[in-house]
Amino acid sequence: MAAKRRFRTVKGMRDLLPGEAGAFAQVEATARRVFTLYGYREVRTPVVEDTDLFVRGVGEGSEIVGKQMYTFDDKKGRSLTLRPEGTAPVARAYLQHDMASWPQPVKVFYMGPYFRYERPQAGRYRQFSQIGAEVIGDPGPYSDVELLVMLLRFLEALGFEDLEVGLNSVGDSECRQRYSRRLREFLEPRRDELGADSRRRLETNPLRILDTKAPGERRLLEAAPHLREVLGAPAREHFQVVCGQLERFGVAYRIDDRLVRGLDYYTRTVFEITSGALGAQDAILGGGRYDGLIGELGGPAVPGIGFAIGEDRLVDVLPDSSRLRAGRTAPVCVISVGPAALDVALELAEDLRVADVAAISELAAGSLKAGLRKAGRRGCRWVVLVGEDEIAADTVVLRDFENSTQETVPRDEFVATVKARISA
RNA sequence: GUGGAUGUAGCUCAACCGGUAGAGCGCUUGAUUGUGGUUCAAGUGGUUGGGGGUUCAAGUCCCCUCAUCCACCCCA
């Protein structure tokens, strides 16, 4: 390698170059538009939080808290953490700013970078982008439905068609405890059929055994008791309303008994949307209800529900229609023929921008030929040319690459002419 | 944290059984005077990820290391 000691991105982190960054911007703009349509408002919380917020919020038993956090001490010895997820910070903000005194429920959305120290892989980075939304303060199932419908609307707006919506209910904490006990009773006698990971989880978090990928364990679990069979009446009714309403709104979903999520705060409704076009990390979004989280953080018993979209994964499988609308450079390129017209070229480009026409100026070109070649490669369709002749005649040349035609127009009319040609 | 694969020019790749690197794309310039895309020509570009070893000789074999990718795990 020519430059062996050149700096590069840190492991698990990446640069988004113009093409990719354009797709991200497109996705974010769509999210803002659709979520705003549903009455959600954007919030931005800090990237760094008190470590304890995640320990308490996400759960000590979770893998995230256990081994994936970027945690460090600041100069005063406070333990801080780069946020690994977005719900706990929003819940914190809800309490800190007493949003309980706002009209309930509070509906917010947010987007930005998150950090998890994991081994990078397809669709998994140490810094990744999430777009999330939360509804805090309504315990009812209709909020679940509206949130899911909004999500589908958003994906539809981006041109997605064949996505799998998985749905389940993990019940309230009493149901979960009851179920954990049953599952343990069922699996304990078959302990030696389980892998090391699952055996460990048998003690710590039996529910997580459900989403194992090991074929042998999956077969074993077919005979296991179902989570939804032990749901208490309130959780069961909640889930029934959610399912019924989703059907009413034409949302195609699949009930997935094995769908349990890794963050400890989830209760009742949980969901996940996957894409077959991704690799092993096929979840492009996941979420659920967290009726106990705010209480866990020291607040009142306020229920909530939300989701997080893995923007990197979403962009990976973004339909071409959305991708094309992203990118795009300026359609007009202003070239000076020879150095004598540089100042005029600069001025002409500025005239266009003042008139709201995106223009790129080609000021570094050597020959006119080189300038035209660059304009073409940059994807510009029109070129405005000025040289000594044009300055003398007070005109500019407007060339149309697509039709290989050009016209000479008076300088004081060129902006209007360019606008007319572009919109034609 | 565990396992597998791969590291040769800015990018995508080639180099038979070890004989001191090559193509395409890109970039720059030119094909008469101020006109792109196609074509043609020339130029640019590499201590073969790094270190050590074996050998007369290593991109090629061995060891170490680093990085990337994929999977487990985890989850968005």
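The sequence lines fix the lettering, A, B, ..., with proteins before strands; numbering per chain opens at 1.
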Would you indicate what [X] reaches in the nucleic acid, counting non-hydrogen atoms under 4.0 angstrom: base, sugar-phosphate, or nothing?
X        : value
A/Asp389 : base
A/Ile131 : nothing
A/Ala308 : sugar-phosphate
A/Arg313 : base
A/Gln68  : sugar-phosphate

Between [X] and [Y], a side-chain donor and acceptor under 3.5 Å:
X        : Y        : result
A/Tyr110 : A/Gln130 : no
A/Thr408 : A/Thr395 : no
A/Asp144 : A/Thr269 : yes

Cation-pi check for [Y] against [X]: NZ or CZ below 6.0 Å from the six-membered ring centre and within 45 degrees of the axis, yes or no?
X        : Y        : result
A/Arg126 : A/Tyr117 : yes
A/Arg190 : A/Phe186 : yes
A/Arg381 : A/Phe401 : no

Between [X] ([atom1]) and [N] ([atom2]), how many Å, whole number?
X        : N      : atom1 : atom2 : value
A/Arg373 : B/rG36 : CZ    : P     : 9 Å
A/Lys67  : B/rU2  : NZ    : C1'   : 11 Å
A/Arg8   : B/rG7  : CZ    : C1'   : 11 Å
A/Leu368 : B/rG34 : CG    : P     : 8 Å
A/Asp197 : B/rC72 : CG    : P     : 12 Å
A/Glu402 : B/rU35 : CD    : P     : 22 Å
A/Lys11  : B/rC69 : NZ    : C1'   : 10 Å
A/Ile335 : B/rG37 : CD1   : C1'   : 13 Å

Closest to the [X] side chain, choosing from [options]:
X        : options                : answer
A/Ala280 : B/rG34, B/rG36, B/rA71 : B/rA71
A/Lys213 : B/rA67, B/rU29, B/rC72 : B/rC72
A/Arg399 : B/rG34, B/rU68, B/rG36 : B/rG36

Contact residues, residues 410-424 of chain A to RNA chain B [heavy atom, < 4.0 Å]
none
Among residues 112-127 of chain A, which residues get a heavy atom nearer than 4.0 Å to RNA chain B?
A/Arg116, A/Glu118, A/Arg119, A/Gln121, A/Ala122, A/Gly123, A/Arg124, A/Tyr125
B/rG34 base / A/Ser367 side chain donor-acceptor hit below 3.5 Å
no
With distance as the sole criterion, do the side chain of A/Glu63 and the base of B/rG1 form a donor-acceptor contact below 3.5 Å?
no
Between A/Lys369 and B/rG34, is there a contact of a side-chain N or O with OP1 or OP2 at under 4.0 Å?
no
Any heavy-atom pair between the side chains of [Y] and [X] that's under 4.5 Å?
X        : Y        : answer
A/Val27  : A/Phe154 : yes
A/Phe54  : A/Glu85  : yes
A/Leu263 : A/Ser62  : no

Quick one: does any side-chain atom of A/Arg41 pair with a main-chain N or O of A/Lys107 as donor and acceptor, under 3.5 Å?
no
For A/Asp291 and A/Thr267, indicate whether the former's side chain and the latter's backbone hold a donor-acceptor pair under 3.5 Å.
no
For the [atom1] atoms, the ones on [N] and on [M], what distance do you get once it is rounded to whole angstrom?
N      : M      : atom1 : value
B/rU12 : B/rU65 : C1'   : 27 Å
B/rG43 : B/rC63 : P     : 42 Å
B/rG22 : B/rC62 : P     : 25 Å
B/rU20 : B/rG26 : C1'   : 28 Å
B/rA9  : B/rA15 : P     : 15 Å
B/rC70 : B/rG45 : C1'   : 32 Å
B/rG19 : B/rC61 : C1'   : 15 Å
B/rU8  : B/rU47 : C1'   : 13 Å

A/Arg178 and A/Val230: which non-hydrogen atoms are nearest, and at how many Å?
NH2-O, 2.8 Å
Please give me the minimum heavy-atom distance between A/Pro139 and A/Pro303, naming the atom from each residue.
N-CG, 3.5 Å
Report the residue (A/Cys380 or A/Glu85) whose heavy-atom-nearest nucleotide on RNA chain B is the more 5′ of the two.
A/Cys380
On RNA chain B, more 5' by nearest nucleotide between A/Ser404 and A/Glu390 is A/Glu390
Using 0.5 Å steps for rounding, measure from the CE atom of A/Met69 to the OG1 atom of A/Thr51.
5.5 Å
Counting runs of three or more consecutive pairs, Watson-Crick or G-U wobble, with each distance below 3.5 Å, where are the stems of RNA chain B?
B:1-7 with B:66-72, B:10-13 with B:22-25, B:26-31 with B:39-44, B:49-53 with B:61-65
Could you tell me whether the side-chain ring of A/Phe401 sits stacked on the base of B/rG37, using a centroid cut-off under 5.5 Å and a plane angle under 30°?
no
